Amino acid sequence: MLDIKLIRENPEKVQELLNRRSEEDYALQPILELDSKQRELETSRSQLSARSNEIGKSIGQKIRSGSDPKGAEIGALKAEGNEIKSKLSELEPQEKELKAQIDNLLLQLPNLPDESTPIGKDERENVELRRWGDEYLPQNGKILPHWDIGEKLGIFEFGRAVKVAQSRFVSLVGAGAALERALINFMLDRQIAAGYLEVMPPILINSNSLTGTGQLPKFAEESFKCQDDDLWLIPTAEVPVTNFYREEILDASLLPIYHCAYTPCFRREAGSYGKDTRGLIRLHQFNKVELVKIVHPDTSEAEHQSLVQNAEEILQALKLPYRIIELCTGDLGFGAAKCYDIEVWLPSSETYREISSCSNCKDFQARRADIRFKEAGKKGTQYVHTLNGSGLAVGRTMAAILENYQQPDGTVKIPEALQPYLKREIL
RNA sequence: GGAGAGAUGGCAGAGUGGUUGAAUGCGACGGUCUCGAAAACCGUUUCACCCGCAAGGGUGACGGGGGUUCGAAUCCCCCUCUCUCCGCCA
């Protein structure tokens with residue numbers, strides 16, 4: 001959520017930054033108008049309350065000092081009190097309504113892109129920052145897509161998963177399941193060693209949590225909802241883990257907080273019909289190891305860089321070629337101010353595909369979720385900065401291994417670093 | 001699912017209609033003392049919003065929402081959550 005004070009005091013700047021995202025009309029004017037009405041009401045309302053408090057106090061004093069509670073003097077005060085009460089009963093609902101409207105509008109606004117985020121319309125204007133692992137690019141000509149090799153090896157089951165669920169679900173079988181498990185453990189161990197505290201959060205979460213990280217109210221159709229409860233399947237562990245600290249005031253000495261979490265993730269993938277219909281790339285359910293950081297605002301830039309590194313290290317350990325993309329303003333996610341994607345090489349389609357997305361949300365989620373910190377000796381509180389990134393998407397990592405480690409005879413080598421986890425060298 | 005109990009400041013824990021933003025204790029912070037520390041003593045110690053250049057002033061908040069009243073932490077209603085017992089269950 002954007003700071004209403006910032007919008008109030010600097011509407012042109014806010015407008016300009018929002019416009020960098022897209023040509024959508026972010027109409028700040030209605031917010032400003034509602035805001036000034038609300039403040040007007042608040043001023044008159046609080047003046048009335050002040051008088052009402054005075055009356056209450058003075059009635060109390062008079063009664064205690066012997067005035068007749070049924071007498072004329074107290075009667076007059078009561079009458080005035082009643083008059084104020086009736087005025088307040090008109091003002092209060094109006095003010096409440098205004099606040100709700102303002103809140104509604106604010107919740108719809110995306111984060112401001114960071115000044116350093118490259119300006120661009122869509123993913124075509126993302127900026128490639130660097131590549132890693134060219135020396136590991138597979139050399140042999142014909143590489144089967146991972147779904148074909150997986151099917152040959154008998155490690156996936158698509159048809160039966162569709163039968164028991166729906167399209168865009170998969171079951172891993174035998175070595176496939178073991179490989180998935182091995183990858184999860186491998187990733188977690190690495191991130192724990194890098195200083196992240198592991199969490200296994202709830203996978204069903206309430207609406208407040210989704211609002212806190214920005215998936216609601218705008219993107220309700222992207223998550224699965226349980227009809228009879230205010231509970232949703234998590235689209236990413238970012239949501240429960242960041243919301244761990246919702247409505248808390250943390251002691252500054254606790255920062256930075258680093259968490260990693262393995263969870264399944266559930267996405268409706270509405271609007272992606274016909275895209276990536278085969279394989280492990282785009283599923284309604286997939287596994288992910290997520291990294292979440294809650295940090296002091298002064299350090300969030302550096303924390304962002306190291307977050308990306310932590311995700312990269314997994315690919316480096318697995319010797320999978322990748323590149324780092326800096327998203328342009330037009331491709332930036334709703335809550336992000338700045339975002340780096342890591343894209344892994346998929347030789348069967350000769351493309352780099354997103355395997356991690358590392359965002360700095362700055363204070364945007366912190367405002368929505370009300371996550372603050374207090375520095376000893378300093379008056380008041382400040383909002384933390386929140387960051388998150390995949391470390392990594394497990395299914396896509398498996399796809400990358402199946403393709404990049406494919407051998408001419410149709411077998412797949414297991415990356416060395418993973419062998420101790422899977423306890424075999426070849427699939 | 002059935003029956004009961006409860007939700008107060010960082011924590012513990014008073015408060016059942018009138019200067020109660022809230023006693024008391026602990027903790028934390030500052031000071032005195034000390035070579036230093038402990039102890040003791042003194043003091044401080046919530047957050048948000050609004051008005052104001054400022055000094056300052058005001059409002060709101062005792063799980064959440066409504067109601068009664070001139071006045072609610074205190075009374076009434078609804079909701080949420082927690083705990084205990086029974087049932088069920090991985």
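In what follows, chains are A, B, ... by sequence order, proteins preceding strands, each numbered from 1. Just so it is clear, the structure is predicted and the values come from calculations on it, not from any experiment.
- Scanning for salt bridge (Lys or Arg N to Asp or Glu O under 4.0 Å) contacts around A:Asp3 gives A:Arg367, with sequence neighbours left out.
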All N/O donor-acceptor pairs, side-chain side in residues 72-83 of chain A, below 3.5 Å, sequence neighbours left out:
from	atom 1	to	atom 2	distance (Å)
A:Glu73	OE2	A:Lys62	NZ	3.4
A:Glu80	OE1	A:Arg51	NH2	2.8
A:Glu80	OE2	A:Arg51	NE	2.8
A:Glu80	OE2	A:Arg51	NH2	3.4

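- Protein atom CG of A:Leu77 is 15 Å distant from nucleotide atom C1' of B:U69, rounded to whole Å.
- In this structure, A:Ile4 places its CD1 atom 17 Å from P of B:A48, rounding to the nearest Å.
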Could you pull out the protein-nucleic contacts involving nucleotides 26-30 of chain B (nitrogen or oxygen on both sides, under 3.5 Å)?
none

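- Contact annotation: A:Arg8 reaches the phosphate of B:C50 (side-chain N/O to OP1 or OP2, under 4.0 Å).
- Partners of A:Arg372 under the salt bridge (Lys or Arg N to Asp or Glu O under 4.0 Å) rule, at least two apart in sequence or in another chain, are A:Asp370.
- Taking atom CD of residue A:Glu248 and atom P of nucleotide B:C11, one finds them 11 Å apart after rounding to whole Å.
- For A:Lys319, the salt bridge (Lys or Arg N to Asp or Glu O under 4.0 Å) criterion is met by no residue, not counting sequence neighbours.
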task: Indicate for each nucleotide in nucleotides 53-64 of chain B, in 5' to 3' sequence, whether protein heavy atoms under 4.0 Å reach the base (B), only the sugar-phosphate (S), or nothing (-).
output: -----SSS----
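- Using modelled atom types and a 3.5 Å distance limit, the side chains of A:Ser359 and A:Asn388 yield no donor-acceptor pair.
- For RNA chain B, runs of at least 3 consecutive pairs of the Watson-Crick or G-U wobble type, with both hydrogen-bonding distances under 3.5 angstrom, map to B:1-7 with B:80-86, B:10-12 with B:24-26, B:27-32 with B:40-45, B:46-51 with B:56-61, B:63-67 with B:75-79.
- In this structure, the ring pair (Phe, Tyr, Trp, His ring centres under 6.0 Å) partners of A:Phe158, at least two apart in sequence or on a different chain, are A:Phe156.
- Note on residues 175-222 of chain A: pairs passing ring-ring contact (aromatic ring centres under 6.0 Å, His included), not counting sequence neighbours, are A:Phe186-A:Tyr421, A:Tyr196-A:Tyr258, A:Phe219-A:Phe334.
- Within the 6.0 Å centre-distance limit, the rings of A:Tyr340 and A:His304 are counted as a close aromatic pair.
- A search for salt bridge (Lys or Arg N to Asp or Glu O under 4.0 Å) contacts involving A:Glu24 returns A:Lys218, not counting sequence neighbours.
- Where A:Lys85 and A:Arg39 each meet RNA chain B at their nearest nucleotide, the meeting point lying more 5' is that of A:Arg39.
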Using the 3.5 Å cut-off, write out each protein N or O paired with an N or O of nucleotides 16-19 of chain B and the distance between them.
from	atom 1	to	atom 2	distance (Å)
B:G18	O2'	A:Arg64	NH2	2.8
B:G18	N2	A:Gly56	O	2.9

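- In this entry the distance linking NZ of A:Lys78 with P of B:G71 reads 10 Å, nearest Å.
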Cut-off 3.5 Å, no hydrogens considered: what does the side-chain donor-acceptor table look like for residues 289-296 of chain A, sequence neighbours left out?
from	atom 1	to	atom 2	distance (Å)
A:Glu290	OE1	A:Lys288	NZ	2.6
A:Lys293	NZ	A:Glu303	O	2.9
A:Lys293	NZ	A:Glu303	OE1	2.8
A:Lys293	NZ	A:Ser306	OG	2.7
A:His296	ND1	A:Asp298	N	3.0
A:His296	NE2	A:Glu375	OE2	3.2

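- The pair A:Glu326-A:Lys338 counts as a salt bridge, with a side-chain nitrogen and a carboxylate oxygen less than 4.0 angstrom apart.
- Across B:C49, B:C70, B:C47, the shortest atom-to-atom separation from the side chain of A:Lys5 is found for B:C49.
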